[in-house]
Structures are given as C-alpha cells and as structure tokens.
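Accompanying notes for the structure given below.
Numbering of ligands and ligand atoms starts at 1, following listing order.
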Amino acid sequence: MKYKSPIIIGSDHAAYILKEKIKAFLITFDITVEDVGVYSEDSSDYTDYGIKVAQGVSTGQFERGVLLCGTGQGMTMVANKFAHVRAALCHSIFEADMSRRHNDSNILVMGGRVIGEGLAREIVRTWINASFEGARHKERLKKFDMMGEHVK
Ligand code: RB5
C-alpha cells in the first residue's frame with residue numbers, strides 16, 4: 001500500500017468481527033490503526049462510535065477513517081453530519097475507487113451484515129490506494145463549504 005498515514009477505525013457490535021479483520025489487514029501493511037471500539041459483540045449504539053471516528057477526521061487529527069455497522073447506513077448518516085467529513089458507503093470495488101477519485105471520500109463505511117471479509121478487504125485495498133483526481137471534482141467539493149447558510 002502506498003498510503004501510510006494512521007487510520008482511525010470504529011464499529012458497533014454488528015460489525016465487530018469485520019472490524020477486527022480489517023484492522024489486522026491494515027496492520028499487515030504497516031499502517032497504524034487507532035481503534036475507538038467496540039471491543040466486543042455486546043450490544044452498542046453505532047452513533048457513539050460513528051461520532052468518535054467522524055470527530056477524529058473532522059478535526060484533522062486523522063486524514064482518513066473506516067466505519068462499520070450492520071448495514072453501514074447508520075454510520076454514514078452520523079459521519080456526514082460532521083464538517084469536512086465525506087463518508088462513502090461502499091459495497092463494491094467500483095464505489096470505493098470512485099468515491100476516492102471523484103469525491104475525495106475520507107471515511108470508508110461498510111456493512112458487516114452486507115458483505116464478507118474477502119470483498120471488504122479488496123474494497124479497503126482499493127480505497128486506500130486510490131487518489132483524488134482534483135480538477136473539476138475539486139470545484140464541486142468547494143460547494144460543500146458554501147452550504148452553511150442552507151444546512152443547520
Ligand atoms: C444494529 O442492529 C444495526 O441497526 C446497526 O448495526 C446498523 O446497521 C445501523 O445502521
């Protein structure tokens with residue numbers, strides 16, 4: 001992997017097992033992983049962990065993060081409420097690639113009840129390695145910062 005910056009990761013109970021597998025996968029590439037939980041399959045609220053990871057990225061402490069819950073839907077909704085966060089729910093390699101190239105996604109979200117470990121690993125590999133293409137896509141992203149007066 002050419003990407004070597006630390007990654008913040010979090011999940012709820014529904015994706016705890018997948019989180020552990022993705023964490024181990026990232027570590028094999030010498031990527032430092034900050035795991036904010038959960039640490040077991042005991043029932044938990046995805047919001048608590050989505051907030052932790054989104055805050056880490058929103059504040060600039062981490063350039064990128066990974067969030068996992070049962071479907072990935074709840075984590076995506078939470079994370080995208082934070083400034084400067086562009087969370088992408090990806091269940092295909094194509095989505096992961098395009099979310100980096102066109103949307104400069106900085107949080108990858110997947111559903112542990114939707115996909116298996118093998119596909120999840122390849123999605124992570126693709127998302128980590130793909131680069132933002134800038135140019136016209138950068139101009140589009142600038143408009144995110146102009147939404148303040150419309151979004152409360
Ligand atoms: C937990 O049962 C489930 O609702 C959660 O993991 C997630 O899928 C929410 O979006």
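A 4.5 Å side-chain heavy-atom check between C69 and H13 finds every atom pair outside the cut-off.
Close N/O approach between C69 and ligand 1 is not found [any backbone or side-chain N/O within under 3.5 Å]. Residue G70 places at least one N or O, backbone or side chain, under 3.5 Å from an N or O of ligand 1. In terms of polar-atom proximity, D12 is counted as a contact of ligand 1, with an N or O under 3.5 Å from an N or O of the ligand.
Of all the atoms in ligand 1, the ones that sit under 4.0 Å from a non-hydrogen atom of Y46 are 9 (C). Below 4.0 Å from some heavy atom of A14 lie the following atoms of ligand 1, by number and element: 6 (O).
As a member of the Ile/Leu/Val/Met/Phe/Trp/Tyr network built from side-chain separations under 4.5 Å, M98 groups with F94.
The pair R100-D104 counts as a salt bridge, with a side-chain nitrogen and a carboxylate oxygen less than 4.0 angstrom apart. Using a 4.0 Å cut-off between charged nitrogen and carboxylate oxygen, R136 and E139 do not count as a salt-bridge pair.
Of the heavy atoms in R113, only side-chain atoms (C-beta onward) come closer than 4.0 Å to ligand 1.
Ranked by closest heavy atom to atom 8 (O) of ligand 1, the top entry among T76, T71, L68 is T71.
The protein atom (non-hydrogen) at minimum distance from atom 10 (O) of ligand 1 is G74 N, 2.9 Å.
At distances below 3.5 Å, at least one donor-acceptor pair connects side-chain atoms of R86 with backbone N or O atoms of N103.
For residues 24-56, the set of pairs meeting the ring pair (Phe, Tyr, Trp, His ring centres under 6.0 Å) definition, not counting sequence neighbours, comprises F25-F29.
Note that atom 4 (O) of ligand 1 has no protein non-hydrogen atoms nearby, at separations under 4.0 angstrom.
Other residues, nucleotides and ligands contribute over 12 non-hydrogen atoms within 6.0 Å of the NZ atom of K4.
Heavy atoms of M77 come nearer than 4.0 angstrom to ligand 1 in no pair at all.
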